[in-house]
Amino acid sequence: MKYDFSSVEKKWQDKWDESGVFHAKNDSDKPSFFGLVEFPYPSAQGLHVGHPRSYTALDIICRKKRLEGYNVLYPIGWDAFGLPTENFAIKNHVHPEIVTKNNVANFKRQLKSLGFSFDWSREINTTDPEYFKWTQWIFLQMFKKGLAYKKEMAVNWCTSCKCVLANEEVVNGVCERCGSEVVHKTKSQWMLKITAYAERLLNDLDTVDYIERVKTQQRNWIGRSTGAEVKFETTLGDDLMIYTTRPDTLFGATYMVISPEHPLIEKWADKLSNIDAVREYQVEASKKSDFERTELVKEKTGVKLEGVKAINPVNNTEIPIFISDYVLISYGTGAIMAVPAHDTRDWEFAKKFDLPIIEVVKGGEVEKEAFTDCATGIMVNSGFLDGKSVEEAKVSIVEWLTENGVGAQKVNYKLRDWVFSRQRYWGEPIPIVHCDCCGYVPVDEADLPIRLPNVESYEPTDSGESPLANIPEWYNTTCPKCGKPAKRELDTMPQWAGSSWYFLRYCDPHNTECLASKEALEYWMPVTWYNGGMEHTTLHLLYSRFWHKFLYDIGVVPTCEPYGKRTSHGMILGENGEKMSKSRGNVVNPDDIVNEYGADTMRLYEMFIGDFEKAAPWSSASIKGCKRFLERIWGLGENVIDGDGYRDFMVGEMNRTIKKVTEDIDEMKFNTAIAALMALINVIAEKGGKVTCDELKTILLLVSPFAPHLAEEMWEMFAFGGTINDQSWPKFDAAKCVDNEVEIVVQVNGKIRARMSVGIDDAQEAVIEKAKNNEKVAAEISGKTVIKELYVKGKLVNIVVK
RNA sequence: GCGGGUGUGGCGGAAUUGGCAGACGCGCUAGACUUAGGAUCUAGUGGUAAUACCGUGGGGGUUCAAGUCCCUUCACCCGCACCA
């Protein structure tokens, strides 16, 4: 009988829906297991084959955990606010809400067709007012604690999206989403003070089980460095504060550089004799986009400030001050001391402007190039630091700076505060009212959610205001504090807002009193295992850790970290090895695969495609191997023989396979788990193609996380009792994983000369003796002196002769 | 430039503490069954001058034994990037 995957898969998907077998229970004595995957953005394109890679992986883990006796929560929802939906709405004159509804319906159909064991009773949607009510609520708590603030600042402005971007959303100077040019624009923006959590976000990485590259990337992004702030007096009286990680090289400072945006320039303006040239440089620097500043500028530029000098506190030397765009206003103090002998950038600048280079660490040739790799060097030309090591000098100079009140040790971070405003329609309204008398006033919590108004047009304005600026009947309101007329905040939240806490809502999705009950959070949190893409490491993952820590601080959540374990899948590339995209014409539609091969084959193939953590190209030819494998299992159904347990010659095979599949799933080595199952089926075929009921039961259980529909169907067909979801995961006996008789290799001088069968527990002497008696081996060693004899148990014998 | 990673057949990829390189799958070759084969089954499949030798990007080393450890070098990928 042929296996009709389409009717079988539909049958079981309907049954799972009706029975609610995958609904997690909040009151259970079982241990909890919270498996999480990144909820999708419901785009018009539908599901990408990349989604099922992650979803199948955790589905396999969750299905296995259920069989192992855990109460499993495996939820799903929709991260539905965002630009593509809004742009589609603009173009086609449909309300974003309708667009979202249609896209969600399509995604839901696709996900259901793949047989994931999601708890659909907990489905959430970030655009649902009952959901974003709590997103707004969290924002208000941050506002009340001073972590949300408004700031006039230069922001990244995407010229195409007509919207500001967070630093994390700018990639190589262009918009991460659309690839358009990003320019700087000065705007008043809502900011979230993620920098206040920099130290904890960094340190607590030590307490969680994330794959190492995620930790490394987050550490780099936070970018902690320890150095010193040093105060330089100037000839105009104002002090100039600089930050350096190399205070030990202070005696080597031959000039100073401040960034073009540094406030002291305005203060000094009328005392600088070349102020016109300085202003010209400032204008040029401000015109440069991020892209130009990072990619195109290799040659150092700058202008000397004529009429002011800085005084080096260690030796009272007067040194010139320059402005240059290689110093950034946003890091440290926006000013540096330049030590050309030991910093590449300073060296290039000094060469161009013909400035002195003073060696202060011995060992390099500082006239030829900067000597930066000098951690083990000895100090010279440095007064009281002479003769000390770099490490000692760092300690001494910081002590000296502190004693003399001209500096102190200082820690800096690359991490910046999070630009939280977006000038778009399809996002959560920021629940703040602007009042002429009271300033920024939070909306009363009882008035949440602040809903989006229904409008005709969602076009962003060129002036940089949100589309909400065109709707006075929405933004005109009264001040919650004084009752006078006031205006609502026009900007909305970025897409990252809703996803910064969604896992909490899954724990208690229908709660109307709070974002989730204490009991539910206590039971489920932290997320046991979270799998998602590397592209979210410095965005979603960092942002959500920040929100979670805040919620922990105000007593809303019971854990200070949201995720216990974080893993990451590789991308699925197009058949040609390039990234899958419409423009490259290499997109594979999951619907087509499900229709042609079935969900089980699709799931199995995506897990078999290669190392889960690495990128892998799609291969339509290879899929059929997975289909054949499933059909061979189906074929076992016609070859079931009488007899209990495993047949003697199958005991080792069965135990080894159980061990391999069990351990490989836990380590996400799905490809080798499947290979082991295929190998088992091959062995069965070699040995006559028959199975006993117990052998079949075990095979079905092992296969069930990968191909649940087929496993359920066969389980029912043979009336093995209940459904496969009520069973227990098969156990293996370590002692039975090894066969009594094994074939080993006999080497002479490391080259294989023979094979022979020995008992696994045979003594070393006996095995070596047997090896030497082997005809082939005896011929090789006769007339030579045996120098060494080795036996690696169950593996090989090596006889070394001369 | 800094940080992380990867190089294994025609292809995707396997290889516990160093212990039979190429598991498993695709593809390919031959055969069987077929009106037919992009179906199924059986056998074979790293290379070559083939009882042997050579083979895990290149070169060197340690070892009885190296894909695995050490040194060196090349190539590619990812992240960050004038962060002082």
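- Positionally, the nearest nucleotide of RNA chain B for A/Gly794 lies more toward the 5' end than for the other of A/Lys414 and A/Gly794.
- Listed nucleotides B/C64, B/C26, B/C53 differ in distance to A/Lys788; the shortest reach to its side chain belongs to B/C64.
- With respect to A/Glu299 and A/Lys351, no salt bridge is recorded, no charged nitrogen being found less than 4.0 Å from a carboxylate O.
- The A/Thr672 side chain lies nearest to B/A14 when the options are B/A81, B/A14, B/C20.
- Checked for salt-bridge contact, A/Glu663 and A/Lys669 miss the test: no charged N lies under 4.0 Å from a carboxylate O.
- Checked against B/A14, B/C26, B/C20, the side chain of A/Leu796 finds its nearest nucleotide in B/C20.
- Proximity of A/Lys215 to the phosphate of B/G3: no side-chain N or O atom is located under 4.0 Å from OP1 or OP2.
- Nearest heavy-atom pair, A/Asn671 versus A/Asp611, reported as atom, atom and distance to 0.1 Å: ND2-N, 3.6 Å.
- Within the 4.0 Å cut-off from OP1 or OP2 of B/A84, at least one side-chain nitrogen or oxygen of A/Ser225 is found.
- Under the Watson-Crick or G-U wobble criterion, with both distances below 3.5 Å, B/G27 is paired with B/U45.
- Residue side chain A/Lys795 does not reach the base of B/C20 through any donor-acceptor N/O pair under 3.5 Å, judged by distance alone.
- Across all strands shown, the partner of B/U40 is B/A32, judged by Watson-Crick or G-U wobble contacts whose two distances both fall under 3.5 Å.
- Between the base of B/C20 and the side chain of A/Arg755 there is a donor-acceptor pair shorter than 3.5 Å.
- Here A/Lys627 lies out of heavy-atom contact (under 4.0 Å) with every strand.
- Applying the Watson-Crick and G-U wobble criteria (two distances, each under 3.5 Å), B/A50 pairs with nothing in any strand.
- The pair A/Asp761-A/Lys793 counts as a salt bridge, with a side-chain nitrogen and a carboxylate oxygen less than 4.0 angstrom apart.
- Nucleic acid contact for A/Leu790: base, since at least one base atom lies under 4.0 Å from a heavy atom of the residue.
- Contact of A/Asn798 with B/C64 (side chain to base): a donor-acceptor pair of N or O atoms is detected under 3.5 Å.
- B/C2: Watson-Crick or G-U partner is B/G79, with both key distances under 3.5 Å.
- Across the strands present, B/A65 finds no partner; the criterion is a Watson-Crick or G-U wobble pair with both atom distances under 3.5 angstrom.
- The separation of B/U68 from B/A21, taken at their C1' atoms, amounts to 11 Å, rounded to a whole angstrom.
- A/Lys300 has no carboxylate O lying under 4.0 Å from a charged side-chain N of A/Asp346, or vice versa, which leaves the two without a salt bridge.
- Within the 4.0 Å cut-off from OP1 or OP2 of B/G25, at least one side-chain nitrogen or oxygen of A/Asn682 is found.
- The side chain of A/Phe608 lies closest to B/C24, out of B/A84, B/C24, B/C41.
- Shown here, B/G9 is classed syn by the O4'-C1'-N9-C4 or O4'-C1'-N1-C2 angle, which is within 90° of 0.
- For A/Arg628 and B/C24, the shortest distance from a side-chain N or O to OP1 or OP2 is not below 4.0 Å.
- Looking at A/Val745, A/Ile752, A/Val746 one by one, the single match for side chain to side chain contact (heavy atoms under 4.5 Å, CB included) with A/Leu796 turns out to be A/Val745.
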